[in-house]
Number of protein chains: 2
Amino acid sequence: MNTGTKQPTINDVAAMAGVSKRTVSRVINASDKVNQATRARVLEVIDQLDFTPNRQARGLAARRSYLIGLVYDIPTLFISDVQRGVLNVCEDTGYELVVHACHTDSKEAITNIVKFVTRARVDGLIICSPVSEIDGLEPALKKAGCAYIRFTSTLGSGPRKRVVTDYLPAISDMTRHLVEFGHRDFGFISGPRGNISARKRHESFVRALAEYDLELPKNMIVEGAFTFDSGVAASRKLLSRNPQPTAIFAANDEMAFGVMNVAAEKGIKIPEELSVVGFDGTPFATFVVPSLSTIIRKTDEMSRLATLKLLALINEGTDALLKFETLVSPQFIPRQSTGPVPAKKGS
Amino acid sequence: MNTGTKQPTINDVAAMAGVSKRTVSRVINASDKVNQATRARVLEVIDQLDFTPNRQARGLAARRSYLIGLVYDIPTLFISDVQRGVLNVCEDTGYELVVHACHTDSKEAITNIVKFVTRARVDGLIICSPVSEIDGLEPALKKAGCAYIRFTSTLGSGPRKRVVTDYLPAISDMTRHLVEFGHRDFGFISGPRGNISARKRHESFVRALAEYDLELPKNMIVEGAFTFDSGVAASRKLLSRNPQPTAIFAANDEMAFGVMNVAAEKGIKIPEELSVVGFDGTPFATFVVPSLSTIIRKTDEMSRLATLKLLALINEGTDALLKFETLVSPQFIPRQSTGPVPAKKGS
DNA sequence: CTGAAAGCGCTAACAC
DNA sequence: GTGTTAGCGCTTTCAG
């Protein structure tokens, strides 16, 4: 069922061009040790025959697969976007993208990923958060001899096999925006405690508030699970506090939608009585009424960078990583869900 | 950078088990012509050595790749879900999933897909709509000798290389729901004219209305583009008609969100003054206020079915397709955005 | 039921 | 610059 009319091979090309396989191989692999004229002739024959080198044979001989893997946990719009970015680079470079979903929390997560790597024989891996934060994953991958680039929010030293999202600048902007609107009583809905990105968002928010000598009281922090329902539950708690927060920052958009939902149910007007901010910049943030102020991530830049780094790592080795940026900064986008602090009750 | 400690090969296994490669090969490929005892011994050695057959070598010799491809246009949550479903089946069957995004409207769409197939050497393809509806794609794929299963909304005869979504039942349910609520004046926001799925939704709605001797006047139909903005634009038009529609059906959720947005802006209350229905069952439909009545698609069932069909087609040939279902029906889910028709103005 | 030998289509030393 | 010669790790005739 695979190849209808048999595809031409490197031998056909060699014969037709009157050169040896080796020369054709050199042309395919863009070696510079080929005479201009010879190269031209070979290329012409390749084109004429519509020859596509067999990736399996190539890989078998060269101990590569020309495949890269994308590993993620839950598929989200963010992941879709990353996938698209990676795919764009792949297309330009002759790599194919193999995808793999896995459960970060599973005890066998590492085994599972290593198995994927050996089964699929990918040349390298791009690992999305939170899978990328699994303890012990890096050594396991190193042991398996697999190149990888991780998305993370922790800046580290050493070989730069990572693309780091620095949350602080955007969260600072967001905080200033709210403080300038007069807000002093903030509520925060965090992501799951185990999630490093979530913790980083939390930390960044605390640091940003500290710039204004503001604190985030313990009872104004509720742990969520990055889901809508957890956002609903958390905001119910926050809105029952006294004093009530005048602004709530949710660690992702989905939970922010939960806040908006509860507010609607309680008749609390956004932004007149409550400001809400999300995180992620899902398209839906612009669809809701009022539109959600949020922090958007630059998925295209992130994924492009990660892929280029990975390919450089595969083809040129660790040193090549130094040529690249490591940091990516999201951006705060104020929309309709944030506004001036309401006048004090009873005043 | 690929294989750290050299991986064991079939030769190692053969030597260690004291049999020939051929026998190991038979065991790997689950041939029944192997003695129980021999098989057991081989399996034990395989386990002991942690041997994973090299997919490239296997593929090269057997003229297969053990790769299947997923082709789509725009990445959406629907596509993510499909991808997950496909991946689940792949994992159980030793196939890997290679993804490919392409532009349906491009003149080179077919060439692009055929190139992908020959480059990646996938054993088969799962093609999402609207890519799956491209004219001439099927013959091109047949010519390239590539197995495929398409998602489509058109039931056809011949070999069943498709998984068909039949919109009518769910749209009928939705229509009944609205008619029973007293609605008679309907607005419809279609998908792009060129999109067959979109046309099918339109047709189904017209047929469903006909059951109640209702018609969809021309000025109550506005073409959208499956985007939020197009939903906004379309609903502005519809809501300026006289008489105004009391219920609007949008051919996807995103456009329905556009309707809700315009309604909010105009102070039109949903569902008291206007009922809104979407199509797709995105999670966000439950996040908005009021929650959106919509028609959900059974992505898991669809993608599972498509993948099983594809694998059967690859491994057993066309006849095997007959063992499978072809039809999948979405389901109408009433939520808060639909309600009784408002009392006539001025009455 | 099992084995020996011949490739699958390509790359990689090593000559020339 | 280019050709020759071995394989990469597996499946597949064809014998036995």
Side-chain angles (χ1 to χ4, degrees), chain A residues 2-3 6-43 45-46 49-67 94 118-121 123 145 315, chain B residues 1-3 5-43 45-46 49-67 94 118-121 123 145 315:
Chain A
N2 204 8
T3 40
K6 204 150 52 227
Q7 300 225 335
T9 76
I10 197 173
N11 292 307
D12 300 328
V13 177
M16 197 151 179
V19 297
S20 77
K21 292 162 67 158
R22 184 65 186 100
T23 301
V24 179
S25 173
R26 284 205 179 90
V27 172
I28 293 171
N29 292 285
S31 157
D32 44 357
K33 312 199 174 211
V34 178
N35 187 327
Q36 268 306 322
T38 319
R39 173 195 306 285
R41 187 149 34 92
V42 171
L43 283 175
V45 172
I46 286 181
L49 252 41
D50 196 20
F51 164 74
T52 313
N54 183 314
R55 214 175 22 74
Q56 314 194 197
R58 220 147 95 89
L60 183 58
R63 287 119 203 292
R64 303 151 125 282
S65 65
Y66 304 95
L67 252 32
T118 59
R119 233 182 28 222
R121 280 194 149 65
D123 291 338
N315 296 312
Chain B
M1 199 76 214
N2 203 7
T3 39
T5 21
K6 205 151 53 231
Q7 300 227 335
T9 75
I10 197 173
N11 293 306
D12 301 328
V13 177
M16 195 151 180
V19 297
S20 77
K21 293 161 67 156
R22 181 67 186 96
T23 301
V24 179
S25 173
R26 284 207 180 88
V27 172
I28 293 171
N29 293 285
S31 157
D32 46 356
K33 309 198 174 210
V34 179
N35 189 327
Q36 266 307 320
T38 319
R39 171 194 309 283
R41 185 148 36 90
V42 171
L43 283 175
V45 172
I46 286 180
L49 253 40
D50 196 20
F51 165 73
T52 313
N54 182 315
R55 219 176 14 77
Q56 314 194 191
R58 219 148 95 90
L60 184 57
R63 284 119 206 292
R64 306 153 122 279
S65 66
Y66 305 96
L67 252 34
T118 59
R119 237 186 22 227
R121 280 194 150 66
D123 290 339
N315 295 313

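Hydrogens, waters and symmetry mates play no part in the numbers below; they use all other heavy atoms, side chains included. Each chain gets a letter, A, B and so on, in the order the sequences are listed, and its residues count up from 1.
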Intermediate values then yes/no, side chain to side chain contact (heavy atoms under 4.5 Å, CB included), B:Phe51 and B:Val45: CA-CA 8 Å; B:Phe51 165 73; B:Val45 172; over 6 Å; no
With sequence neighbours left out, what residues match B:Asp12 under side-chain hydrogen bond (donor to acceptor under 3.5 Å, both in side chains)? none
So if I apply the side chain to side chain contact (heavy atoms under 4.5 Å, CB included) rule between B:Val24 and each of B:Leu43, B:Val13, B:Thr9, B:Thr38, which one comes out positive? B:Val13
Set of residues satisfying side-chain contact (heavy atoms from CB on, under 4.5 Å) with respect to A:Arg22, sequence neighbours excluded: A:Ser20, A:Ser25, A:Arg26
D:dG1 phosphate, OP1 or OP2: any side-chain N/O from A:Thr23 under 4.0 angstrom? no
Starting from the first five and the last five pairs of the helix from C:dC1-D:dG16 to C:dC16-D:dG1, work out the angle between the resulting helix axes, to 10 degrees. 30°
Ignoring hydrogens and geometry beyond distance, is a side-chain donor-acceptor pair present between A:Asn35 and A:Arg41 at under 3.5 Å? no
To the nearest 0.5 angstrom, please state how far the CD1 atom of B:Ile28 sits from the CD1 atom of B:Ile10. 4.0 Å
The criterion is salt bridge (Lys or Arg N to Asp or Glu O under 4.0 Å); which residues satisfy it with A:Arg119, sequence neighbours excluded? B:Glu96
For B:Arg58, check side-chain hydrogen bond (donor to acceptor under 3.5 Å, both in side chains) against everything at least two apart and list the hits. B:Asn29
Can you tell me the distance, in whole Å, between the CD atom of B:Gln36 and the C1' atom of C:dT2? 16 Å
Given protein heavy atoms under 4.0 Å, the one-letter contact record of nucleotides 8-16 of chain D, with B base, S sugar-phosphate only and - none, is simply BBBBBB---
